[in-house]
Enquirer: 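Here you go, one structure.
Note that the structure is predicted; figures quoted are calculated from it, not measured. Numbering of residues begins at 1 and proceeds along the displayed sequence.
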Amino acid sequence: FANPAVSTVVENGYAGSEWDNEITLATSKNSFIKTHVSFFFPGDVVEDVTSALTTLAPGVMPGVKSDEVATRLGMEFIWMF
């Protein structure tokens with residue numbers, strides 16, 4: 001948990017990269033199916049922010065750093081009538 005009484009310095013730098021793609025399939029002139037895929041690859045700044053948010057004693061014990069890739073998958077059905 002973040003402790004609002006504690007301030008932790010977060011350096012500036014590389015936040016991360018995102019890759020996303022969308023594919024549309026027209027099933028007719030009035031309906032479409034869309035799929036969306038996104039990946040976020042975190043950088044050093046995201047690791048510093050997650051560490052600052054999870055620390056309990058800054059300077060003594062750093063918080064847990066998260067460097068996992070975030071994934072988003074989505075699908076839409078659009079029907080125009």
Enquirer: Would you call the rings of Trp79 and Phe77 parallel, tilted or perpendicular, taking 30° and 60° as the class edges?
Expert: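 Judged by the thresholds at 30° and 60°, the geometry between Trp79 and Phe77 is tilted.
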Enquirer: Once you round to the nearest 0.5 Å, how far does CD1 of Ile78 lie from CG of Asn30?
Expert: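 Taking CD1 in Ile78 and CG in Asn30, the distance rounds to 12.0 Å.
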Enquirer: So, taking the atom named OG1 in Thr35 and the one named CG in Asn21, what distance separates them when rounded to the nearest 0.5 Å?
Expert: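 The CG atom of Asn21 is 8.0 Å from OG1 of Thr35, to the nearest 0.5 Å.
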Enquirer: If you measure from CD on Glu76 to CD on Glu22, what distance do you get to the nearest 0.5 Å?
Expert: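 Interatomic distance, Glu76 CD to Glu22 CD, rounded to 0.5 Å: 6.5 Å.
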Enquirer: Could you grab the distance from atom CD1 of Ile23 to atom NE2 of His36, nearest 0.5 Å is fine?
Expert: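 Reported value, rounded in 0.5 Å steps: 11.0 Å.
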Enquirer: Val37 vs Trp19, test: side-chain contact (heavy atoms from CB on, under 4.5 Å). Steps then yes/no.
Expert: CA-CA 8 Å; Val37 179; Trp19 175 87; 4.0 Å; yes
Enquirer: Quick check for you: to the nearest 0.5 Å, what is the distance between Phe39 atom CZ and Glu18 atom CD?
Expert: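 Reported value, rounded in 0.5 Å steps: 11.0 Å.
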Enquirer: Please evaluate residues Phe32 and Met80 with respect to the criterion side-chain contact (heavy atoms from CB on, under 4.5 Å), reporting the C-alpha separation (whole Å), side-chain torsions for both, the decisive distance (0.1 Å), and the verdict.
Expert: CA-CA 9 Å; Phe32 303 89; Met80 297 185 293; 3.3 Å; yes
Enquirer: So which heavy atom on Ala15 is nearest to which on Val46, and how close?
Expert: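 Where Ala15 meets Val46 most closely, the heavy atoms are O-CG2, 3.1 Å.
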